[in-house]
Amino acid sequence: MHHQHGRYKGKISYLESPKRRKEFSPEQLLNIIPIKETDNILDFGAGTGYFSIPAAKRIKGDVYALDIDPSMLEIIKKKSREENQENIIAVQGSIEALPLGEGSVDVIIASLVLHEIQPLAPLMQQMYTLLKKEGYLICLELEPKGSSEKVTRINLERMEVELKEAGFQISEKVFPAESLYMLIAKKTD
């Protein structure tokens with residue numbers, strides 16, 4: 001376990017960096033998201049729990065922290081024990097691994113993860129199905145800078161198209177930091 005942890009050290013240090021927190025703290029972003037105390041939230045690609053932990057503190061429902069990386073989920077479990085947050089459920093795997101049925105989640109947070117999914121349409125459909133009527137998908141992504149980027153990114157326009165094609169209605173666009181966009185998309189039917 002320990003040797004594996006080193007492989008993700010760079011990723012973890014970025015995910016937990018004070019610079020990232022200063023640019024867009026999870027609390028600031030959660031203030032923008034329409035969250036109710038009774039909600040169940042899915043943190044899709046939860047990473048180190050950047051959103052999972054603060055979201056769990058705001059609700060009485062459950063936060064499903066979903067990630068394919070077991071070492072990330074160990075970090076979340078450790079943090080939730082330290083913070084005495086018992087409403088965080090760590091789930092390893094893809095969205096199919098969730099122990100949830102259709103219409104069982106109020107809010108899905110997908111922060112800096114959707115650009116890694118190809119093709120995106122099937123996942124968007126699954127998210128749409130998972131959400132309750134009037135539920136929200138919160139999509140946070142980096143706007144690509146130029147065309148020479150090594151990392152795949154999805155620009156704002158393309159993400160809007162993907163969301164609309166999946167049946168979502170975009171209710172808000174927010175730009176929390178330079179080159180970062182957040183789309184709040186609502187399931188309307």
Side-chain angles (χ1 to χ4, degrees), residues 1-18 20-21 24-118 120 122-132 135-142 182-185 187:
M1 173 77 184
H2 211 67
H3 64 282
Q4 229 186 8
H5 199 68
R7 215 168 66 208
Y8 300 105
K9 208 172 178 75
K11 185 176 177 184
I12 291 166
S13 64
Y14 166 72
L15 292 172
E16 291 296 308
S17 76
R20 180 178 183 219
R21 264 183 206 280
F24 52 100
S25 80
E27 291 77 15
Q28 281 171 302
L29 291 178
L30 288 168
N31 287 340
I32 300 167
I33 302 168
I35 296 175
K36 297 182 298 302
E37 203 178 36
T38 54
D39 284 353
N40 287 318
I41 297 174
L42 166 59
D43 188 359
F44 181 82
T48 58
Y50 187 78
F51 283 108
S52 302
I53 307 289
K57 291 177 180 177
R58 291 181 178 226
I59 62 169
K60 288 184 166 56
D62 290 319
V63 173
Y64 295 90
L66 178 73
D67 206 287
I68 53 171
D69 184 344
S71 65
M72 293 292 174
L73 294 174
E74 283 309 313
I75 293 169
I76 292 173
K77 288 176 190 170
K78 182 177 181 283
K79 281 186 187 177
S80 56
R81 280 192 302 273
E82 287 167 3
E83 303 265 348
N84 290 318
Q85 284 307 127
E86 293 175 19
N87 60 338
I88 297 176
I89 299 161
V91 182
Q92 187 189 343
S94 63
I95 201 160
E96 292 86 4
L98 285 167
L100 301 169
E102 212 171 291
S104 56
V105 176
D106 299 280
V107 176
I108 297 174
I109 299 171
S111 175
L112 306 177
V113 66
L114 294 178
H115 65 272
E116 295 176 14
I117 316 288
Q118 295 299 329
L120 193 51
L123 174 68
M124 290 287 193
Q125 284 302 313
Q126 287 174 299
M127 288 179 161
Y128 193 86
T129 303
L130 205 55
L131 280 170
K132 291 179 182 171
Y136 290 93
L137 169 58
I138 312 305
C139 168
L140 210 65
E141 282 292 334
L142 289 165
M182 180 165 95
L183 293 171
I184 299 177
K187 177 177 177 173

If you round to the nearest 0.5 Å, how far is CG of Leu42 from CD1 of Ile89? 11.0 Å
Would you check if Ile109 and Leu30 make a side-chain contact, meaning some heavy-atom pair closer than 4.5 Å? yes
Close side-chain approach of Ile184 to Pro34, heavy-atom, < 4.5 Å: yes
Looking only at atom types and distance, does a side-chain atom of Asp39 sit under 3.5 Å from a main-chain N or O of Ile41, one as donor and one as acceptor? no
Strictly distance-based, threshold 3.5 Å: is any side-chain N or O of Asp67 a donor or acceptor partner for the main-chain N or O of Met72? no
Rounded to the nearest 0.5 Å, what's the gap from CD on Gln125 to CG on Leu120? Could you check? 10.5 Å
Taking atom CD of Gln92 as the centre, does the number of heavy atoms from other residues, nucleotides or ligands within less than 6.0 Å exceed 12? yes
Closest non-hydrogen contact found for Gln85 with Ile88 is CB-CD1, 4.0 Å
Where is the tightest heavy-atom contact between Ala110 and Met127, given as atom of each residue plus distance? CB-CE, 4.4 Å
CG/Leu123 to CD1/Ile108 distance, rounded to the nearest 0.5 angstrom? 8.0 Å
Which pair of non-hydrogen atoms, one from Ile76 and one from Ala65, has the smallest distance, and what is that distance? CD1-CB, 3.8 Å
Here the gap from Thr48 atom OG1 to Lys79 atom NZ, rounded to the nearest 0.5 Å, amounts to 4.0 Å
Would one find more than 12 heavy atoms of other residues, nucleotides or ligands at under 6.0 Å from atom CD1 of Ile32? yes
May I have the step-by-step check of side chain to side chain contact (heavy atoms under 4.5 Å, CB included) for Leu130 and Lys187, ending in yes or no? CA-CA 10 Å; Leu130 205 55; Lys187 177 177 177 173; over 6 Å; no
Test salt bridge (charged side-chain N to carboxylate O under 4.0 Å, His left out) applied to Glu82 and Lys78, step by step: CA-CA 6 Å; Glu82 287 167 3; Lys78 182 177 181 283; 2.7 Å; yes
Between Phe51 and Leu140, is the side chain to side chain contact (heavy atoms under 4.5 Å, CB included) condition met? List the steps. CA-CA 11 Å; Phe51 283 108; Leu140 210 65; 3.9 Å; yes
Does any non-hydrogen side-chain atom of Phe44 lie less than 4.5 Å from one of Leu114? yes
Taking Tyr64's backbone N and O only, do any of them form a donor-acceptor pair with Asp62's side chain (distance below 3.5 Å, no angle check)? no
For residues Ser111 and Tyr50, determine if any side-chain heavy atom of one lies less than 4.5 Å from a side-chain heavy atom of the other. no
Would the distance check show the side chain of Glu141 and the main-chain N or O of Val113 forming a donor-acceptor pair, the cut-off being under 3.5 Å? yes
Asn87 (side chain) donor-acceptor with Ala56 (main chain) under 3.5 angstrom: yes
Rounded to the nearest 0.5 angstrom, the CZ-CD1 distance for Arg58 and Ile33 is 8.5 Å
How long is the span from the OG atom in Ser94 to the CD1 atom in Ile117, to the nearest 0.5 Å? 9.0 Å
